[in-house]
Amino acid sequence: MAEKIKRPKARNYKGFRDTFSEDILLRRKMIETIREICERYGFSPLETPALEYVDSLGKFLPEEHTPEGGIFSFKNPDLSSGTREDHPDWWLGMRYDLTAPLARVVAQYQDLPKPFRRYQLGQVWRYEKPGPGRFREFYQFDFDSVGAASMIADAESCAMVCDMLEALGFARGDYIIQVNDRKALQGALECAGLTESDITDENSQVGVALRAIDKLDRVGRDGVTELLGKGRKDTSGDYTEGAGLDTKQIDIIHAYLDARSDSRTEVCDSLGKLVADSKIGCEGVEELRQIDSHLTDLGYSADRVRFEPTVVRGLGYYTGPVFEGIITKEIVDEKGKKRSFGSIFGGGRYDTLVQRFTGQKTPATGGSVGVDRLLAAMLLLDKKKAHNSCTTEVLITIMDKSRLTDYLQLVQKVRAAGINSEVFVGNGSIGKQLQYADRRGIPLALIAGSDEFSNGEYQIKDLELGRRLAADIEDRDEWLKGRPSQQSVKADELMSKLKELLADYRAK
RNA sequence: GCUGGGGUAGCUCAGCUGGUUAGAGCGCCGGAUUGUGGAUCCGGAGGUCGACGGUUCAAACCCGUCCCCCAGUACCA
């Protein structure tokens, strides 16, 4: 009896995924599209490392032995014992967004021409609980203008994302960019008597209030009222502590949230009245007015970019305008269930992020496209158009092993003609080789044995055509002997014939 | 974190009030068919029944603890 062998179980770490050819090809196409548009708006590419000193990533240092706080972090292996754990170089962390590394770059290379406009595609990692559409490793496409005080940069962020989505095939009306302003929001809270200035402190009354507002679409208006007041017990029996505001205060906040309108000017006017007594609130409304004006000049009306007083965008580092892009078109998955994809774009102005490093206030604004979510949405929308996942176009089968020289010279000729081609590198009969081609989805197979070599010709098998013909053939002998979809070509016509068949295949 | 549901083959799952050697379908590998894909037929591999402890003559099944997964909820710079 054999010893039990401990075998590793093949599995993924929670929240991490494998991605196969079909999705990768689609993502590649999608990224190419948004990259082009981003460059058209004057952004240039930047790449930064996946690993950063943790103090570059945010203001939190991980807890001693349980590095958490949403970031994957590790002890710096270069530092040996004896180094204190509060040494700034002690912890390394995987980046959880692309904005913090950008702030680091701007602070580190201070001679960069400002405004510094860069885009960056990359994976980011978050140590948090995965859920539907939420992963621990995912792609972001981020673009920012650092050193840009003008609201033109904010308006253009929104405009550019509209262009991207439309270039990807989303029709106008299938998506919407929603804009709010944190200063205006803060002004409303101020008018309601909440004056704490540190809106990033999650335990502050302001923090609780902002979180309550952020939940509007999930818990509804009454839910927000409860969360702003004493607290709320949800259907699962879970209790969430409220902000402890009184009715009058809550009414003021609701008045802000209710200032919705299809007209951006109307929203600005309503908000302007509501926050008239707050200096910061007025600043926020003024920012919105400027964005409205710039958007109008650029040609983007409220059917694409609307002002939405309910948008909060986390507690984050945002200091002014905030934006959020969502897919509004109803998407039904393969089970016929309605799916929503959360926001596929988010961003805003963060005037203090670079300041963390340099002490210099540096205005900056930008946003991130959630590549994976967008891809998931497109996959469901575009199900039928999902293209072939195979990049090989021709399989050279090996029939006669004594003629390897011929096969290898042949495959190089096919490749030189610009056709993706491989020889069969496994073991097995010609039947196995064709089965491989069939299962991989390779459209064409080249067959040549001693007969063909002595006649100077090749058999081209059109596997795609064969697949369709096979549907009507029951009898195996007929299927084999008939050799449907197969033709013999002279050597000098081979390349042109292959190209012709592939052109037909691609056009289909 | 909290509430509820669940972990049996690569996948989807069956397995009675505890009973002898734990099953099916799909997938995988091989053969029928080493000069031809699909369908069909035949054969094969693959399981510490989530982990550990307990009850029992006997545990996939009952009890306890933990781990993980799913749904909701909270958090998410």
Side-chain angles (χ1 to χ4, degrees), chain A residues 3-7 9-15 54 57-62 68-71 93 95-97 99-100 103 126-132 134 136 198-203 207-208 211-212 214-215 218-219 223 227 231-241 312-318 342 346 350 352-353 356 395 397-401 424 427-452 459-486:
Chain A
E3 282 292 309
K4 259 189 290 183
I5 305 166
K6 270 255 174 174
R7 298 183 192 281
K9 184 167 172 58
R11 74 227 130 111
N12 285 100
Y13 179 55
K14 192 199 299 193
V54 113
L57 292 177
K59 61 182 174 181
F60 303 116
L61 276 168
E68 281 183 51
I71 118 169
R95 63 183 180 212
Y96 61 82
D97 69 12
T99 313
R126 293 192 181 177
Y127 182 59
E128 44 185 50
K129 184 177 157 185
R134 296 177 67 92
R136 288 178 158 190
D198 185 10
I199 59 169
T200 59
D201 179 0
E202 58 182 50
N203 295 318
V208 176
R211 247 174 298 149
D214 200 24
K215 268 171 228 162
R218 267 180 294 155
V219 301
L227 286 168
R232 174 171 186 271
K233 188 152 66 173
D234 61 52
T235 45
S236 76
D238 205 9
Y239 184 75
T240 311
E241 191 64 37
V312 177
R313 295 283 329 149
L315 286 190
Y317 37 65
Y318 294 119
Y350 48 96
T352 57
L353 213 56
R356 289 187 50 242
L395 175 76
T397 60
I398 293 185
M399 188 170 283
D400 181 351
K401 278 191 175 148
F424 185 72
N427 287 319
S429 64
I430 183 73
K432 272 196 102 110
Q433 301 187 33
L434 289 170
Q435 188 182 56
Y436 163 79
D438 186 40
R439 297 192 46 190
R440 280 268 322 260
I442 299 174
L444 298 179
L446 254 184
I447 301 171
S450 48
D451 296 351
E452 284 79 5
Q459 304 291 327
I460 301 178
K461 199 173 185 65
D462 185 336
L463 292 147
E464 185 59 30
L465 175 63
R467 248 190 293 275
R468 270 175 281 140
L469 296 176
D472 300 325
I473 300 176
E474 289 287 309
D475 180 60
R476 182 174 171 82
D477 284 340
E478 184 195 341
W479 161 249
L480 292 183
K481 303 242 167 67
R483 286 188 191 174
S485 77
Q486 187 167 328

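Hydrogens, waters and symmetry mates play no part in the numbers below; they use all other heavy atoms, side chains included. Predicted model only: the values in this text are computed from it and were never measured. Here is how names work: the chains are called A, B, and so on, in the same order as the sequence lines, proteins then strands, and each is numbered from 1.
Comparing the P positions of B:A45 and B:G30 gives a spacing of 15 Å, expressed to the nearest Å. Taking atom C1' on both nucleotides, B:G46 is separated from B:C11 by 13 Å, rounded to a whole Å. Taking the C1' atoms as reference points, B:G44 lies 23 Å from B:C13, given to the whole Å. Remark: the separation of the P atoms in B:U73 and B:A60 is 38 Å, to the nearest Å. Across B:G7 and B:A51, the matching P atoms stand 13 Å from one another, rounded to whole Å. With C1' as the reference atom, B:U21 and B:C62 are 24 Å apart, rounded to whole Å. Taking atom C1' on both B:U56 and B:C63, the two are 12 Å apart, rounded to the nearest angstrom. With P as the reference atom, B:C49 and B:G23 are 14 Å apart, rounded to whole Å.
B:U3 and B:A71 make up a base pair, with Watson-Crick or G-U wobble contacts both under 3.5 Å. The partner of B:C76, taking Watson-Crick or G-U wobble pairs whose two distances both stay under 3.5 Å, does not exist in any strand shown. Under the Watson-Crick or G-U wobble criterion, with both distances below 3.5 Å, B:C66 is paired with B:G50. Nucleotide B:G44: paired with B:C28 (Watson-Crick or G-U wobble, both distances less than 3.5 Å). Pairing for B:A60 is absent, with no Watson-Crick or G-U wobble pair whose two atom distances lie under 3.5 Å. Of all nucleotides present, none satisfies the Watson-Crick or G-U wobble test against B:G38 with each distance under 3.5 Å.
Counted by atom type alone, A:R136 and A:Y13 present one or more donor-acceptor pairs between their side chains at under 3.5 Å.
When rounded to the nearest whole Å, the span between CZ of A:R439 and P of B:C29 equals 6 Å. As a whole-Å value, the separation of A:R218 CZ from B:A71 C1' is 15 Å. Atom-to-atom, CZ of A:R232 to P of B:U73 comes out at 9 Å; the value is rounded to the nearest Å.
Between A:L444 and A:D462 the shortest side-chain heavy-atom distance falls below 4.5 Å.
Under the 3.5 Å distance criterion, the side-chain polar atoms of A:Q433 are matched with a main-chain donor or acceptor of A:I398.
Taking CD of A:E128 as the reference point, atom CD1 of A:I71 lies at 12.0 Å (rounded to 0.5 Å).
A:S450 comes within contact range of at least one nucleobase, with a heavy-atom separation under 4.0 Å. Among the atoms of the strands shown, base atoms are found under 4.0 Å from some heavy atom of A:D451. Heavy atoms of A:G431 sit under 4.0 angstrom from primed sugar atoms or phosphate atoms, though from no base atom. Residue A:I430 is in sugar-phosphate contact alone, with no base atom involved, counting any heavy-atom pair closer than 4.0 Å across all strands shown.
Set against B:A77, B:U36, B:C29, the side chain of A:K432 has B:C29 as its closest nucleotide. When distances are taken from the side chain of A:K461 to each of B:A74, B:C76, B:U36, the shortest belongs to B:U36. Checking B:A74, B:C75, B:G35 against the side-chain heavy atoms of A:R211 singles out B:C75 as nearest. Checked against B:G35, B:C76, B:A74, the side chain of A:V219 finds its nearest nucleotide in B:A74. Of the candidates B:A74, B:C69, B:C29, B:A74 carries the atom nearest the A:K215 side chain, counting heavy atoms from C-beta on.
The base of B:U36 has none of its N or O atoms less than 3.5 Å from a complementary donor or acceptor on the side chain of A:Q435. The base of B:G35 has none of its N or O atoms less than 3.5 Å from a complementary donor or acceptor on the side chain of A:Q486. Side-chain to base pairing of A:R134 with B:C76: one donor and one acceptor N or O lie within less than 3.5 Å of each other.
In the displayed structure, A:N427 atom CG is contacted under 6.0 Å by at most 12 heavy atoms of other residues, nucleotides or ligands.
Between A:A470 and A:S429, the one whose closest nucleotide on RNA chain B sits nearer the 5' end is A:S429.
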Quick one: do A:K215 and A:V312 satisfy side chain to side chain contact (heavy atoms under 4.5 Å, CB included)? Show the steps, please. CA-CA 9 Å; A:K215 268 171 228 162; A:V312 177; over 6 Å; no

